[in-house]
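See structure below.
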Amino acid sequence: MTDQLVSASIRIRVGSEDAHYGSIAAGAFVMKLFGDLATEITVRHDGDEGLLRAYEKVEFLAPGRPGDFLECKATRVRMGTTSRTFDAEAWRVIDARPDLEESAVDFLDEPVLVARATGTTVVLAALQRKS
């Protein structure tokens, strides 16, 4: 197996359908994004989606709100025979400003760390098509 750096990223708008606690998006919304990024990492490296096995650490540090844009990135940090451990972060890069107008937003000069996690995904050896 190769030791090359494998990472994935996505920028996504938090939709009103993602708000489950008044005007705050559920943590599960960010966890779904982290899972999607872990899947992309295993697809890029192994040619298979793999299965998310566990999160060793999850921290929610700031709220995400409908209209905000999050930039999320995951990087593979360790690799075993079948396991791939990744670190993931979600940063708020655009702030919704419903206090000004329904469609008002601010591009943030300093992104805000919303969440971070470390997780492990597994790709069975028989399913690994790349290396």
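Counting from 1, the numbers follow the sequence of the chain as shown. Side-chain atoms are counted along with the backbone in the values below, which use heavy atoms only and exclude waters and symmetry mates.
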How about Phe34 and Tyr55: do any of their side-chain heavy atoms sit closer than 4.5 Å? yes

Nearest-0.5 Å distance that lies between atom CD1 in Ile41 and atom CG in Asp36: 11.5 Å

Donor-acceptor pair, distance only, cut-off 3.5 Å: does the side chain of Asp48 make one with the backbone of Gly50? yes

Straight-line distance of Gln128 CD to Thr81 OG1, nearest 0.5 Å: 8.0 Å

Approximate separation, where rounding is to 0.5 Å, of Lys73 NZ and Leu33 CG: 16.0 Å

Which value, rounded to the nearest 0.5 Å, describes the distance between Arg44 atom CZ and Ser7 atom OG? 6.5 Å

Cluster question for you: counting only ILVMFWY and a side-chain heavy-atom cut-off of under 4.5 Å, with indirect links fine, are Val122 and Val43 together? no

Met79 vs His45, test: side-chain contact (heavy atoms from CB on, under 4.5 Å). Steps then yes/no. CA-CA 11 Å; Met79 194 167 93; His45 185 269; 3.6 Å; yes

Under the side chain to side chain donor-acceptor pair (under 3.5 Å) definition, can you give me all pairs with a residue in residues 102-118, not counting sequence neighbours? Glu59-Arg116, Asp87-Thr118, Arg97-Asp106

For residues Met31 and Phe60, determine if any side-chain heavy atom of one lies less than 4.5 Å from a side-chain heavy atom of the other. yes

Between Thr85 and Thr120: side-chain donor-acceptor atoms closer than 3.5 Å: yes

Any chance CD of Glu101 has more than 12 other-residue heavy atoms, nucleotides or ligands included, within less than 6.0 Å? no

Could you point out which residue of Ile12, Leu108, Ile94, Asp95 forms a side-chain contact (heavy atoms from CB on, under 4.5 Å) with Phe69? Ile94

Closest heavy-atom pair and its distance - Ala62, Val112: CB-CG1, 3.8 Å

Would a hydrophobic clustering, with Ile, Leu, Val, Met, Phe, Trp and Tyr connected at side-chain separations under 4.5 Å, put Val58 with Phe86? yes

Should Val14 and Arg65 count as side-chain neighbours, where that means a heavy-atom distance under 4.5 Å? no

Without swapping roles, check the side chain of Arg92 against the backbone of Pro63 for a donor-acceptor pair under 3.5 Å. yes

To the nearest 0.5 Å, what is the distance between CG (Asp18) and NZ (Lys32)? 9.5 Å

Distance in Å, Ile24 CD1 paired with Phe29 CZ, rounded so as to fall on 0.5 Å steps: 14.0 Å

Do the non-hydrogen side-chain atoms of Val123 and Arg84 ever get within less than 4.5 Å of each other? yes

Would you say Thr121's side chain and Leu51's backbone share a donor-acceptor pair under 3.5 angstrom? yes

Of all heavy-atom pairs linking Cys72 and Ala90, the shortest is SG-CB, 3.6 Å

Do Leu70 and Val114 have side chains that get closer than 4.5 Å, going by heavy atoms? yes

Is a side-chain N or O of Arg129 found less than 3.5 angstrom from the main chain of Gly47, in a donor-acceptor match? yes

May I ask you to test the Asp68-Arg13 pair for a side-chain heavy-atom distance under 4.5 Å? no

